[in-house]
*Asks:* 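Below you will find the structure I want to go over with you.
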Amino acid sequence: MSFPLLTATAVLPAIGAIATAAVPAARRTAAKWLALLVSIATLALAIAVLVRFDPDGDRYQLTESHAWIADFGVRYELGVDGIGVALLALTALLIPFIILAGWHDADPLETGNKRWRPTQGFFALILAVEAMVIISFEATDVFLFYIFFEAMLIPMYFLIGGFGDRAHAGSDENAAAQRSYAAVKFLLYNLVGGLIMLAAVIGLYVVAGNFSLQEIAEARANGSLHMATNTERWLFLGFFFAFAVKAPLWPLHTWLPNAMGEATAPVAVLITAVVDKVGTFAMLRFCLQLFPEASKWATPAILVLAVISIIYGALLAVGQRDIKRLVAYASISHFGFIIMGIFAMTSQGQSGATLYMVNHGISTAALMLVAGFLISRRGSRLIADYGGVQKVAPVLAGTFLIGGLATLSLPGLAPFVSEFLVLVGTFARYPVIGIIATFGIVLAALYTLVLYQRTMTGPVKPEVSAMPDLRVRELVVVAPLVVLLIFLGVYPKPVTDIVNPAVKSTMSDVHKKDPKPEVEAAK
């Protein structure tokens with residue numbers, strides 16, 4: 001039997017989480033190094049998956065299938081297509097940087113209450129989230145996917161509620177209340193979505209008799225499984241609602257600014273660059289593949305919601321006074337682009353959306369982690385508390401600028417290619433939606449450049465006059481992300497070659513072809 005590579009990529013961080021949590025309390029540094037080494041080993045396994053994956057081969061590769069709960073048709077089934085491989089690699093790539101960036105975020109704190117932070121638990125929870133996200137990208141059994149889709153909420157709840165932003169370290173009671181509110185709101189929103197999805201999962205089993213994604217999709221394709229129109233639409237809505245909460249799509253987005261604002265910067269990256277991608281990924285894998293007709297039926301409404309997310313998120317980002325909440329609202333706008341690309345039902349739109357998931361993960365990680373380094377130095381998240389930073393910390397300011405320019409999709413940086421593909425793909429079928437969405441680009445330039453101007457330029461404020469520049473550990477975190485932003489901005493082919501065959505299969509699932517250009521009209 002061949003080596004179960006997909007299982008190994010998920011089991012290794014899970015074992016690492018248990019081992020890290022078991023490290024004695026006095027050995028905090030050992031726990032950090034153990035978590036980092038496990039994350040690097042997981043990245044090596046993800047690279048092995050990437051190398052073994054053949055974009056021109058079968059749709060799902062490196063498959064594993066074992067009986068689990070046979071009486072209910074539940075199997076332990078794993079497999080990856082090009083979209084899953086790309087997001088698996090993104091997750092494994094970002095976790096080591098998240099751990100390095102949060103190296104001191106869970107060190108013991110002595111305040112008036114002598115409150116201590118369990119360092120081992122912080123890094124163990126990050127590895128636990130990684131394990132659950134990875135298996136979510138690999139699961140081809142709907143029930144198996146659902147279990148980990150919901151289970152990842154538990155470690156995320158403790159990461160948000162238990163480890164707050166150090167900018168609040170001076171006001172324990174208020175900070176604890178805000179963290180608790182953000183964590184509970186995150187949990188409740190996602191639990192409600194998950195419970196609605198559970199009802200849809202049960203309904204799918206009643207209709208199909210099993211939970212195998214591939215078997216159900218094949219049965220639907222060959223006509224041996226027929227769903228009544230209303231049944232398919234209700235099941236689709238149950239799945240989509242849960243994924244829209246996770247994504248997050250307006251108006252189900254309100255938990256994100258609170259969660260990202262109160263979490264540490266590395267945990268904020270874990271939320272928006274890793275965990276939230278499960279929602280948009282699942283729209284492609286489950287909604288479109290299992291419910292193709294209902295997906296087409298719901299497309300106009302979803303596109304309207306996506307455009308609202310784009311404009312609404314960007315407008316609120318413009319008005320923010322808090323750096324981290326600004327990045328959170330910018331992410332809501334970017335997820336609107338991703339969802340718009342998915343439901344544009346064109347190959348350019350869906351390829352762009354998948355590429356956007358990868359590029360958004362890298363660009364948001366770069367911007368938010370540098371913002372975290374900035375906030376840790378000053379002890380404040382408020383934009384007004386900064387000014388003239390580029391004169392005292394030019395490397396920090398320069399990397400902050402590159403992360404910001406990537407956020408506004410500057411040509412030459414990775415997000416530009418994906419945003420361009422999404423807009424082209426959307427305009428080809430829904431030109432009005434595409435035109436309105438372009439205003440999000442203008443607003444992105446506004447909130448990004450205003451943020452940089454107010455924090456990095458102008459007179460040096462006394463509070464930042466002694467601010468140190470990026471340290472070696474921080475450069476190790478940021479420099480590779482900047483290199484990736486430039487490389488994928490100039491040469492995105494390695495990613496598009498992997499995802500395009502999977503996108504072609506998804507387009508086939510929904511029986512859609514790209515609209516032909518109106519050549520005669522152009523003449």
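In this chain, residues are counted from 1 in sequence order. Below, each value reflects all heavy atoms present in this structure, side chains not excepted, and no hydrogens, waters or symmetry copies.
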*Asks:* Is it true that Glu262 and Arg325 have a side-chain N and a carboxylate O under 4.0 angstrom from each other?
*Replies:*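 Salt bridge: no.
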
*Asks:* Check the side chains of Glu419 and Tyr356 for a donor-acceptor pair under 3.5 angstrom, ignoring hydrogens and angles.
*Replies:*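 On atom types as modelled, these side chains qualify, holding a pair under 3.5 Å.
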
*Asks:* One pair to check against salt bridge (Lys or Arg N to Asp or Glu O under 4.0 Å): Glu474 and Arg377. What are the steps and the verdict?
*Replies:* CA-CA 12 Å; Glu474 295 166 338; Arg377 284 159 165 75; 2.7 Å; yes

*Asks:* Are Phe240 and Phe343, when compared by the centres of their aromatic rings, separated by less than 6.0 Å?
*Replies:*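 When the ring centroids of Phe240 and Phe343 are compared, they turn out to be within the sub-6.0 Å range.
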
*Asks:* Show the atom names and distances, to 0.1 Å, of all donor-acceptor pairs under 3.5 Å that link a side chain in residues 390-408 to residues at least two apart or in another chain.
*Replies:*
{"unit_1": "Gln390", "atom_1": "OE1", "unit_2": "Tyr452", "atom_2": "OH", "d": "2.9"}
{"unit_1": "Lys391", "atom_1": "NZ", "unit_2": "Gly458", "atom_2": "O", "d": "3.4"}
{"unit_1": "Thr399", "atom_1": "OG1", "unit_2": "Val395", "atom_2": "O", "d": "3.0"}
{"unit_1": "Thr399", "atom_1": "OG1", "unit_2": "Leu396", "atom_2": "O", "d": "2.9"}
{"unit_1": "Thr407", "atom_1": "OG1", "unit_2": "Gly403", "atom_2": "O", "d": "2.9"}

*Asks:* Counting only heavy atoms not in Arg321, do more than 12 fall under 6.0 Å of its CZ?
*Replies:*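 No, the 6.0 Å shell around CZ holds no more than 12 heavy atoms from other groups.
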
*Asks:* Among Val503, Val499, Ile83, Asp81, which residue meets the side-chain contact (heavy atoms from CB on, under 4.5 Å) test with Leu284?
*Replies:*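 For Leu284, the side-chain contact (heavy atoms from CB on, under 4.5 Å) check succeeds only for Ile83.
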
*Asks:* Which one of Leu94, Thr364, Val269 satisfies the side-chain contact (heavy atoms from CB on, under 4.5 Å) criterion with Leu369?
*Replies:*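 Per the side-chain contact (heavy atoms from CB on, under 4.5 Å) rule, the option paired with Leu369 is Val269, out of Leu94, Thr364, Val269.
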
*Asks:* Taking CZ in Arg454 as the centre, count heavy atoms belonging to other residues, nucleotides or ligands within less than 6.0 Å. Is the count above 12?
*Replies:*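 Atom CZ in Arg454 is not packed in, count stays at 12 or less.
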
*Asks:* Quick check: closest heavy atoms across Glu130 and Pro13, and the distance to 0.1 Å?
*Replies:*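 Glu130 and Pro13 have their closest heavy atoms at OE1-CB, 3.6 Å.
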
*Asks:* Crowded around Phe427 CZ? As in, over 12 foreign heavy atoms under 6.0 Å?
*Replies:*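 Open.
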
*Asks:* Between Arg179 and Gly162 (side chain of the first, backbone of the second, donor and acceptor by atom type, cut-off under 3.5 Å), is there such a pair?
*Replies:*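 Flag not set: sc Arg179 to bb Gly162 has no pair under 3.5 Å.
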
*Asks:* Do we see a donor-acceptor contact under 3.5 Å between the side chains of Tyr189 and Thr254?
*Replies:*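 Yes, because at least one side-chain N or O of Tyr189 sits under 3.5 Å from a partner of the opposite role on Thr254.
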
*Asks:* Within 45° of the axis and under 6.0 Å from the centre of the six-membered ring of Tyr386, does NZ or CZ of Lys461 qualify?
*Replies:*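 No cation-pi geometry.
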
*Asks:* Using a strict threshold of under 4.0 Å (side-chain N to carboxylate O), is an ion pair present between Arg381 and Asp322?
*Replies:*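 Between Arg381 and Asp322 there is a salt bridge, with a charged N closer than 4.0 Å to a carboxylate O.
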
*Asks:* Do Phe335 and His253 have ring centroids that are under 6.0 Å from one another?
*Replies:*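 Centroid distance His253-Phe335: not below 6.0 Å, so no.
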
